[in-house]
Protein chains: 2
Amino acid sequence: MATAAQTRRAALRETLIEIAERHITQNGLSSLRARDLAKEAGCALGAIYNAVGDLNELTLEVNARTFKRLGAYVTQHTPSDIAPIDRIVAMAWAYHHFAAENHNAWRALFDIERAPDEAAPAWYLTEMQGLFALIHGPLSELNPDQSPEELALLTRALFSGVHGIVLLSLDQASAGLPPEETDRMLDLILRRLS
Amino acid sequence: MATAAQTRRAALRETLIEIAERHITQNGLSSLRARDLAKEAGCALGAIYNAVGDLNELTLEVNARTFKRLGAYVTQHTPSDIAPIDRIVAMAWAYHHFAAENHNAWRALFDIERAPDEAAPAWYLTEMQGLFALIHGPLSELNPDQSPEELALLTRALFSGVHGIVLLSLDQASAGLPPEETDRMLDLILRRLS
DNA sequence: GCCCTAAATTGAACCGCGTTCAATGAGAGG
DNA sequence: CCTCTCATTGAACGCGGTTCAATTTAGGGC
């Protein structure tokens, strides 16, 4: 067991992830620079590539954390003792607020570049399923007689739609559009689906 | 009048835009390289910066064209003699098909990086208004007694929602999800809004 | 036609950045 | 104490956008 070395390697990896997370959260994905990372972590430039494959992998690691936080946030802000439609609206609002409060980290979830062929990592799909499952509950209560297949499609459509509304709202957030308007938009459109 | 020089300058600018458009369309925004551009246009590297400000401006120019094509495409594929709800679905499908058939160019519309403070260019807002106007028509027919303000919000929400559905569908297009499913999703969700 | 000036054109050089790699160092096992 | 393996180092590479001093080109006045 070369344990000591492997432990330090893992520790550096952890340090790098934390620094990367701070950078992404504070200044966005494009502010992630290998030389800054090395300086802040107190290691040499090349050491990064021993602890972590490359910067993209580092971003992936940060994204995994962000995704988990997102899931927890939405769950936490969705009361279980209210009507299905209210739960759906609450989830959409939670998604919106998380995105607004964690704008840079949230954007990094989607701004990361994937090679056109390779699939998304497993944890990404898992977390996504989790979010879908959250929506699926109240949605099936609202539509007891819908086929499972259509329900799956509807779930996906609902998530994507909310995502689009939040995305375009935050994109031009500086150009007017107060957050309350976005919440109203979400409320307005979601309640029409019941 | 230093006309001759200015004419050639404008010609080079036009050439560059066309080459850039071809590159973006065929291989995506990230394949736009100044040195390739110079080689293909038959000019020196530095000459590019006399004809256009920088590569970002070039992308903006290509995006303007893409946006116009998008508007024309949606208009063309939206029959005016059908029910309002059918018009809305037709527009969404047209948006989806244009995005699918012009994936790289369409992505470049949103992938371009803007400084966080500066607003979107005027033509962008104008074209956007045009798309919104297209939606507003049938939507107000469907909701004659809605307040103008809520109608505006609904219009925006509808566009953003469709955009989100198309965006996430195309993102993982390689990972399954046939285009017909996306069309069904759009149909399913839009018809619930009537 | 001839010069003069202002503009365009050129491409080498600059800079920033991700990534690599030969050289060096350090730690575990014998 | 030696050795072998693995981590660490930071200079160097490759790439790509942008700049700029030098050069060429072209219009306008005589």
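First the proteins, then the strands, lettered A, B, ... as listed; each starts at 1.
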**Residue closer to the 5' end of DNA chain C, B:Leu45 versus B:Leu12 (nearest nucleotide)** = B:Leu12
**Asked** Tell me, do A:Leu12 and A:Cys43 make a side-chain contact under 4.5 Å, heavy atoms counted?
**Response** yes
**Fill in**
To the nearest angstrom, the CG-C1' distance between B:Leu55 and D:dG16 comes to 9 Å
**Prompt:** Between D:dA7 atom P and A:Arg8 atom CZ, what is the distance in whole Å?
**Reply:** 10 Å
**Request:** Let me know the distance between CG of B:Leu16 and P of C:dT9, rounded to the nearest Å.
**Result:** 11 Å
**Whole-Å gap separating P (D:dT18) and CD (B:Glu57)** = 11 Å
**Message:** So that I know where these two stand, are A:Phe159 and A:Tyr95 an aromatic pair - ring centroids less than 6.0 Å apart?
**Reply:** yes
**Message:** Hydrophobic cluster membership, with links at side-chain heavy-atom distances under 4.5 Å among I/L/V/M/F/W/Y: are B:Leu158 and A:Leu170 in one?
**Reply:** yes
**Request:** Using whole Å, report how far CD1 of A:Ile48 lies from P of D:dA7.
**Result:** 16 Å
**Message:** One thing to verify: whether A:Asp187 and A:Arg192 come together as a salt bridge, which I'm taking to mean a side-chain N less than 4.0 angstrom from a carboxylate O.
**Reply:** no
**Request:** Report the distance from atom NE2 of A:His23 to atom C1' of C:dG18, rounded to the nearest whole Å.
**Result:** 16 Å
**Request:** State whether B:Arg9 places a side-chain N or O below 4.0 Å from either non-bridging phosphate oxygen (OP1 or OP2) of C:dT9.
**Result:** no
**Item:** Positions of residues 25-43 of chain B (non-hydrogen atom under 4.0 Å from DNA chain C), listed by number
**Value:** B:Arg35, B:Cys43
**Item:** Electrostatic pair B:Glu181-A:Arg156, nearest N-O below 4.0 angstrom
**Value:** no
**Asked** Between A:Asp54 (CG) and C:dC17 (C1'), how many Å, whole number?
**Response** 14 Å
**Asked** Rounded to the Å, how far apart are B:Arg13 CZ and C:dA8 P?
**Response** 14 Å
**Request:** Return the orientation label for the B:Phe110 and B:His163 ring planes: parallel under 30°, perpendicular over 60°, tilted otherwise.
**Result:** tilted
